[in-house]
Amino acid sequence: MISEDVLTAAHRADAKGATRGDWSAASPPAQSVKLAGEMRAGLTRGEFFLVFQPQIDLLTQRIAGVEALVRWQHPRHRILLPNQFIRVAELSGLIVPLGNQMLRLACIEAARWRSGPLAGVKVSVSGYPLQLRHEGFIQHIASTLHQTGLPAERLLIQLPESAIVHPGHANFSVLKRLRQRGIRLAITGFGTGFSCLAYLPQVPVSSLKIDRSFLSDVPGNTRNEAVTRTIVELGRTLDLHLVAEGVETEAQADFLREIGCGSAQGPLYAPPQTASILSEWIRTWPAGTQAPRMAGQAGNSPRPGA
């Protein structure tokens with residue numbers, strides 16, 4: 001049973017940082033405990049699923065990768081977005097089975113991409129600090145890759161800055177072992193959390209993801225331009241691939257291309273979408289046609305087929 005004391009203490013610590021629409025952080029502790037119980041049941045019933053967002057090479061306009069994003073088909077609240085349940089999943093420990101389940105679903109889907117524009121494309125899956133500390137994490141990934149037939153080099157695990165630690169930390173050993181197995185690693189939201197640049201050259205990551213907040217009012221916002229340019233220059237110096245999130249306009253894409261960012265994803269190209277809609281979108285790209293809007297994209301409509 002999930003400890004109410006643990007969730008209550010964590011809720012108090014999070015209260016100041018609660019953002020509008022973040023159900024898990026803004027709810028009272030009792031609601032968080034209830035939500036965690038519903039998540040446990042939802043994992044058993046298969047209520048969690050993935051949507052996919054393509055990443056576009058800014059030079060060639062080819063598909064450079066696909067990010068897998070979790071959604072929850074809640075029986076009462078329809079589709080919920082990650083910011084509405086991930087924090088409770090982390091606090092309750094359910095992030096481990098949830099993350100493992102979504103990793104498997106992503107690998108199953110990516111293994112089907114054997115021909116066409118998605119052939120050989122990498123799939124990016126979110127990872128979490130608690131997963132790294134879980135004893136069976138590496139073995140779960142190895143067995144998932146073996147069972148699905150997905151080559152290790154086509155899997156990229158995205159980690160928050162909080163998971164990137166100094167070489168003496170236990171997490172560092174896990175990251176190193178993952179990289180030795182051919183699995184690529186990326187830091188998401190780089191620059192928005194605690195960035196220890198002294199450790200970055202030693203961490204076995206291959207990509208940096210530029211947070212969408214740095215693209216606000218770009219081009220035109222000189223401070224955000226400067227921060228974005230600095231991240232790109234740092235990444236290129238360390239021979240890391242750069243991916244920008246939340247790209248909405250051609251002007252933003254042009255700016256990113258000019259400063260040397262490798263890839264981008266966001267509404268300019270396609271929203272997160274189900275695997276079937278992604279297949280439809282691929283047939284139109286790069287003809288300039290945007291992807292059809294996925295039912296429930298805003299979290300208010302039922303899952304397609306549900």
Side-chain angles (χ1 to χ4, degrees), residues 1-53 66-106 108-109 124-131 158 160 188-189 212-213 245-246 265-267 270-278 291-306:
M1 182 176 178
I2 298 161
S3 169
E4 183 169 356
D5 289 340
V6 171
L7 289 176
T8 299
H11 173 267
R12 288 171 179 165
D14 282 348
K16 285 187 178 181
T19 56
R20 185 179 181 184
D22 187 339
W23 182 12
S24 63
S27 303
Q31 180 63 42
S32 295
V33 173
K34 179 182 178 182
L35 182 63
E38 292 173 340
M39 287 189 67
R40 186 181 296 278
L43 283 167
T44 302
R45 293 194 293 256
E47 294 173 357
F48 293 88
F49 66 103
L50 292 175
V51 290
F52 301 88
Q53 187 169 41
V66 174
E67 181 177 5
L69 300 153
V70 64
R71 298 290 187 266
W72 182 5
Q73 177 65 72
H74 194 282
R76 293 196 315 277
H77 302 283
R78 301 190 176 186
I79 293 179
L80 299 184
L81 303 180
N83 69 325
Q84 296 172 296
F85 59 83
I86 285 295
R87 184 58 178 153
V88 168
E90 291 178 317
L91 296 173
S92 64
L94 291 173
I95 197 66
V96 174
L98 174 62
N100 289 348
Q101 192 176 104
M102 295 305 102
L103 172 73
R104 181 174 180 79
L105 291 179
I108 289 173
E109 183 61 35
S124 301
V125 184
S126 293
Y128 303 91
L130 189 59
Q131 280 183 293
Q158 303 181 153
T188 64
R212 67 184 65 236
S213 62
E245 299 180 295
Q265 65 187 93
Q273 52 204 296
T274 60
S276 60
I277 296 180
L278 176 65
R293 183 179 178 86
M294 188 191 86
Q297 183 185 334
N300 297 319
S301 300
R303 175 183 177 181

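Here the structure is a predicted model, which is why all the values come from computation and not from measurement. When reading the values below, keep in mind they use all heavy atoms of this one structure, side chains included, and skip hydrogens, waters and symmetry mates.
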So, do Val51 and Gln273 sit near enough that their side-chain heavy atoms are less than 4.5 Å apart? no
First locate atom CD1 of Ile86, then atom CD1 of Ile95, and finally report the distance between them rounded to the nearest 0.5 Å. 4.0 Å
CD1 on Ile79 to CD on Glu47, rounded to 0.5 Å: 12.0 Å
Atom CG of Leu91 and atom CG of Leu35: how far apart are they, to the nearest 0.5 Å? 10.5 Å
To the nearest 0.5 Å, what is the distance between CD on Gln101 and CZ on Phe48? 8.0 Å
Compare every heavy atom of Gly93 with every heavy atom of Leu130, then report the nearest pair and how far apart it is. CD2-CA, 3.7 Å
Do His74 and Gln84 touch side chain to side chain, with heavy atoms closer than 4.5 Å? no
Those residues that, when tested against Gln53, pass side chain to side chain contact (heavy atoms under 4.5 Å, CB included) (two or more places apart): Leu69, Gln265, Pro272
Please name all residues satisfying side chain to side chain contact (heavy atoms under 4.5 Å, CB included) with Pro129, sequence neighbours left out, ordered by chain then number. Arg133, Pro160, Ser162, Ala163
In Å and rounded to the nearest 0.5 Å, what is the CG to CG distance from Leu98 to Leu103? 11.0 Å
Which residues pass the side chain to side chain donor-acceptor pair (under 3.5 Å) test with Arg104, not counting sequence neighbours? Gln147
Partners of Gln158 by side chain to side chain donor-acceptor pair (under 3.5 Å), sequence neighbours excluded? Glu67, Lys209
Restricting to non-hydrogen atoms, name the atom on Val88 and the atom on Ala36 that form the minimum distance, rounded to 0.1 Å. CG1-CB, 3.7 Å
Return the minimal non-hydrogen interatomic distance between Gly189 and Glu245, and the atom names on each side. N-OE1, 4.2 Å
With sequence neighbours excluded, residues passing side chain to side chain contact (heavy atoms under 4.5 Å, CB included) with Leu105: Leu50, Met102
CG/Leu80 to CD/Glu38 distance, rounded to the nearest 0.5 angstrom? 9.0 Å
According to the interplanar angle, ranging from 0 to 90°, do the rings of Trp72 and Phe85 count as parallel (below 30°), tilted (30 to 60°) or perpendicular (above 60°)? perpendicular
Partners of Ser276 by side chain to side chain contact (heavy atoms under 4.5 Å, CB included), sequence neighbours excluded? Thr274
How would you list, by chain and number, every residue that makes a side chain to side chain donor-acceptor pair (under 3.5 Å) with Gln131, sequence neighbours excluded? Asn100
